[in-house]
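Please read these numbers as outputs of a predicted model, since none were measured by experiment.
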Amino acid sequence: MLNRYLKRFFLIPIIFLVAIVSTVGFSETLKRSEIKVGDYVSLGRYENEPIVWQVVGIEPDGNPILFSRRILTIKAFDASGPKDEEDVDDNFETDYGSNNWETSTLRQWLNSVDQRIKWTNNAPDASNIFKGEKPYDSEPGFLHSSNFSAKEKAIIKVTQYKMRSGRQLNDKVFLLSIDEVMAYSVCSDCFPLQDLKHQGISKPYDIWTRDSVREVPHAVNTLKWDGSQSKKLANVSRTGVAPALVLDLEKIEKLTMAGNGLSYKPYYFEFKTERHYLVILGLTIAGILCAGATYILLGSARYQTAFMMIGILCVSVLLTAAY
């Protein structure tokens, strides 16, 4: 009699373990998806709101190019003030900021992970922003841990891109050029520019590009909602920031992706670790063994179905929590 109970005791966990392994493999296969142009991806947060990006292009090596589908914030392109000791009082860049994206405070903010940024040039405080509107000198960097987790930042690729001058820059987050915005916004599956509004404001703003106005060293090219071009002084805050970034295909292929890629249910990545799965597996085995041990101690066949159902329920709950 005891041998019969022991066989059942060990057989039940083996059956469940086989089921768990099969379910895990099947779930990962189902949830793995190929990201394509037009899909939506949720990654990171800003001002406690999830950031929804749209895939506007695919690099030759398969890395998805993401463009924010909302204007995330209103900020000056660059702070005014002298850049070095040789600057003089009548220097337009000193009075209105520089249109050089490479040295801009906006580029430094977008790529900073710091709680308190050590500004390379002038801080974008109220004294260096036009009319003191919307300074961001004390705001944490865009890539700070309050906006992006370490695992989220790890799948953002350091992208090499070219300026009009031909100079190559390397960033995780960047502004698009006019040509890029226009090309991406007219793709068949992409939202037009008029839908690019601030998260909390209904009307569309102009958005910054990384293109400088060649003949005016303190002015930056911007784009209006209808695609027409405009120009803004670099230290003026009344222009929207809609950044772009590139995901590392090699890294995201190792992750499970949930959602359906639509605007109302964008894809998002599940950052599960091997340790997480081991914990789930260990808890599942412990639950089954406890149920089996209780069954043996009670020694009544009429409890067999009940404890089998308890084991199945334990596995179902744990797998639901894991996935």
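- Contact annotation: the side chain of R167 approaches that of E102 to within less than 4.5 Å [non-hydrogen atoms, C-beta and beyond].
- The shortest heavy-atom contact between L175 and A242 is CD2-O, 4.2 Å.
- Atom OG of S112 is separated from atom CZ of R107 by 12.5 Å, given to the nearest 0.5 angstrom.
- Between the side chain of D211 and the main chain of I178, a donor-acceptor pair closer than 3.5 Å is present.
- Within the 4.5 Å cutoff, the side chain of T120 has no heavy atoms near those of the T103 side chain.
- When atom types are taken as modelled, the side chain of T209 and the backbone of N221 share a donor-acceptor pair closer than 3.5 angstrom.
- Residues I58 and V37 approach most closely at CG1-CG2, 3.9 Å, considering heavy atoms.
- Summarising the geometry of L249 relative to N63, their closest heavy-atom pair is N-OD1, 2.8 Å, with the distance given to 0.1 Å.
- The hydrophobic clustering, which links ILVMFWY residues whose side-chain heavy atoms are closer than 4.5 Å, places V216 and M163 apart.
- Within 6.0 Å of atom CG in D61, more than 12 heavy atoms from other residues, nucleotides or ligands are found, so the atom counts as buried in its surroundings.
- Judged by distance alone, the side chains of S177 and D179 never bring a donor and an acceptor atom under 3.5 Å apart.
- In this structure, D171 does not pair ionically with R210, as no charged nitrogen and carboxylate oxygen lie closer than 4.0 Å.
- Side-chain atoms of W119 do not come within 3.5 Å of backbone N or O of P124 as any donor-acceptor pair.
- The closest donor-acceptor contact from the side chain of Q54 to the backbone of R69 lies at 3.5 Å or more, if one exists at all.
- Counting only distance, with no hydrogens or angles, the side chain of N99 and the backbone of V220 share no donor-acceptor pair below 3.5 Å.
- Proximity of a side-chain donor or acceptor of K224 to a complementary backbone N or O of S230 within less than 3.5 Å is not detected.
- The residue from F174, Y136, F148 that alone fulfils the ring pair (Phe, Tyr, Trp, His ring centres under 6.0 Å) condition with F142 is F148.
- For the pair W101 and F77, the minimum side-chain heavy-atom distance is below 4.5 Å.
- Side-chain atoms of K131 and R238, non-hydrogen and from C-beta on, do get closer than 4.5 Å to each other.
- When every heavy atom of P50 is checked against every heavy atom of R45, the shortest pair comes out as CG-NH1, 3.6 Å.
- Under 4.0 Å is where a charged nitrogen must lie from a carboxylate oxygen, and between E139 and K75 at least one such pair does.
- By the criterion of side-chain heavy atoms lying less than 4.5 angstrom apart, applied directly or through intervening Ile, Leu, Val, Met, Phe, Trp or Tyr residues, I252 is grouped together with F271 in one hydrophobic cluster.
- The shortest heavy-atom contact between K162 and Q168 is CE-NE2, 3.3 Å.
- Counting heavy-atom neighbours within 6.0 Å of E250 CD, excluding the residue itself, gives a total of 12 or less.
- Of the candidates T222, V241, I71, T239, I71 is the only one forming a side-chain contact (heavy atoms from CB on, under 4.5 Å) with Y205.
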For this session: I would like to know whether K134 and T73 meet side-chain contact (heavy atoms from CB on, under 4.5 Å); could you show each step before the answer?
Result: CA-CA 10 Å; K134 298 187 180 300; T73 183; over 6 Å; no
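- Nearest heavy-atom pair across F67 and I207 is CZ-CD1, 4.4 Å.
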For this session: Would you check, one step at a time, whether the test side-chain contact (heavy atoms from CB on, under 4.5 Å) holds for K232 with W208?
Result: CA-CA 9 Å; K232 293 287 180 68; W208 292 114; 3.7 Å; yes
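- For CZ of R214, the number of neighbouring non-hydrogen atoms (other residues, nucleotides, ligands) closer than 6.0 Å is 12 at most.
- Here the side chain of S42 pairs no donor or acceptor atom with the backbone of V52 at under 3.5 angstrom.
- A donor-acceptor pair under 3.5 Å is formed between the side chain of Q108 and the backbone N or O of K118.
- No donor-acceptor pair under 3.5 Å is formed between the side chain of D248 and the backbone N or O of I155.
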Exercise. Can you list the steps and then say if V246 with E59 is a side-chain contact (heavy atoms from CB on, under 4.5 Å)?
Worked result: CA-CA 9 Å; V246 178; E59 291 188 332; 3.8 Å; yes
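- Counted within 6.0 Å of NZ on K172, heavy atoms from surrounding residues, nucleotides or ligands total more than 12; the atom is thus considered enclosed.
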Problem set entry | Residue pair Y40, Y264: steps toward the ring pair (Phe, Tyr, Trp, His ring centres under 6.0 Å) verdict | CA-CA 9 Å; Y40 291 84; Y264 59 87; 9.3 Å; no
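- Side-chain N or O atoms of T256 include none that pairs as donor or acceptor with a backbone N or O of E270 at under 3.5 Å.
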